[in-house]
Q: 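Before I ask anything, let me first share the structure, which is written out below as structure tokens.
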Amino acid sequence: MRLDQVIENALVNATGEDAFVYRLEGVKLDVEIGIHDYERGVKQRVLVDVVTVVSKAWCGTDDIATVVDYDYILHGIKALEDKQFDLQETLCGTILDLALEPKAVSAAQVTTRKIDAYADAEAVGLTRFRMKR
């Protein structure tokens with residue numbers, strides 16, 4: 001199921017609830033990632049986009065405590081700069097696990113893009129999506 005289908009389902013099936021789609025885009029991550037010898041011990045620039053879906057009743061209060069704050073995702077992503085990953089699939093999955101941590105989040109999508117991988121390409125990337133059961 002695609003993210004747009006999840007959002008549509010959340011809207012159709014909501015009974016007095018709103019669907020919130022949170023986006024954190026273009027997070028710059030310097031991380032050791034890659035399987036090749038020339039990639040080992042070297043940090044590469046990776047851009048990260050995260051989308052989370054929350055379906056809940058809107059209380060109407062203008063208070064950060066009533067919503068899902070972006071900070072947990074941003075700080076969690078930046079903490080990964082001290083780790084090493086062989087594959088984007090693993091990095092993407094780690095961020096996906098993080099994005100799904102709050103109970104209110106029902107689905108998430110994460111895209112990672114290595115922006116210096118190829119001289120002839122803007123980026124090489126991967127998108128992973130998961131819904132909670």
Q: Please round to the nearest 0.5 Å and tell me the distance separating atom CG of Leu47 and atom CZ of Arg113.
A: 5.0 Å

Q: Taking the hydrophobic residues Ile, Leu, Val, Met, Phe, Trp and Tyr, and joining any pair whose side-chain heavy atoms are under 4.5 Å apart, which ones share a cluster with Leu87?
A: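 Grouped by the 4.5 Å side-chain rule, Ile35 form the rest of the cluster around Leu87.
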
Q: Would you indicate whether Lys103, at its atom NZ, is surrounded by more than 12 heavy atoms from other residues, nucleotides or ligands within a distance under 6.0 Å?
A: no

Q: With sequence neighbours left out, which residue pairs that include part of residues 35-55 fulfil the ring pair (Phe, Tyr, Trp, His ring centres under 6.0 Å) condition?
A: His36-Tyr38

Q: For Ala107 and Met131, work out which heavy atoms get closest and say how close.
A: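 Closest approach of Ala107 to Met131, heavy atoms only: CB-CG, 3.9 Å.
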
Q: When you group the ILVMFWY residues by side-chain heavy-atom contacts below 4.5 Å and let the links chain together, are Phe20 and Val110 in the same group?
A: yes

Q: For residues Leu91 and Leu24: do they belong to one hydrophobic cluster (side chain heavy atoms under 4.5 Å, members Ile, Leu, Val, Met, Phe, Trp, Tyr)?
A: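 Yes, Leu91 and Leu24 fall within the same hydrophobic cluster.
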
Q: Have Gln84 and Asp82 got a donor and an acceptor in their side chains that come within less than 3.5 Å?
A: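 Not at all, the side chains of Gln84 and Asp82 share no donor-acceptor pair under 3.5 Å.
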
Q: Which atom names give the shortest non-hydrogen contact between Ser106 and Leu100, and what distance separates them?
A: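 Closest pair (atom of Ser106, atom of Leu100, distance): C-CD2, 4.4 Å.
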
Q: When rounded to the nearest 0.5 angstrom, what is the spacing between CG in Leu96 and OG1 in Thr127?
A: 10.5 Å

Q: Mind checking whether Val124 and Val48 sit in one hydrophobic cluster, side chains of I, L, V, M, F, W, Y counted as touching below 4.5 Å?
A: no

Q: Shortest non-hydrogen contact from Val50 to Ala99?
A: CG1-CB, 3.9 Å

Q: Val31 and Lys83: which non-hydrogen atoms are nearest, and at how many Å?
A: CG2-O, 3.6 Å

Q: Just wondering, do Lys78 and Val27 contact through their side chains at under 4.5 Å, heavy atoms?
A: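 SC-SC contact between Val27 and Lys78 confirmed.
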
Q: Taking the side chain from Glu32 and the backbone from Gly41, do they hold a donor-acceptor pair closer than 3.5 Å?
A: yes

Q: Between the side chain of Lys43 and the main-chain N/O of Glu81, is any donor-acceptor distance below 3.5 Å?
A: yes

Q: Among Leu29, Ile33, Asp116, which residue meets the side-chain contact (heavy atoms from CB on, under 4.5 Å) test with Arg45?
A: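 Per the side-chain contact (heavy atoms from CB on, under 4.5 Å) rule, the option paired with Arg45 is Asp116, out of Leu29, Ile33, Asp116.
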
Q: Work out which heavy atom in Glu39 is nearest to a heavy atom in Gln44; give both atom names and the distance.
A: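 Shortest heavy-atom separation between Glu39 and Gln44 comes out as OE2-NE2, 3.1 Å.
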
Q: For Glu25, does the CD atom have more than 12 heavy-atom neighbours from other residues, nucleotides or ligands under 6.0 Å away?
A: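 Counting other residues, nucleotides and ligands, CD of Glu25 exceeds 12 neighbours.
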
Q: Which residue pairs pass the ring pair (Phe, Tyr, Trp, His ring centres under 6.0 Å) test when at least one of the two sits in residues 85-114, sequence neighbours left out?
A: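 Passing the test, one end in residues 85-114: no pairs.
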
Q: Could you state the interatomic distance from CD1 (Ile95) to CZ (Arg128), rounded to the nearest 0.5 Å?
A: 10.5 Å

Q: Using a cut-off of 6.0 Å, state whether more than 12 heavy atoms not belonging to Asp71 lie near its atom CG.
A: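 Count over threshold, so yes.
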
Q: State, to 0.1 Å, how close Val46 and Lys114 come at their nearest heavy-atom pair, and which atoms those are.
A: CG2-CG, 4.1 Å

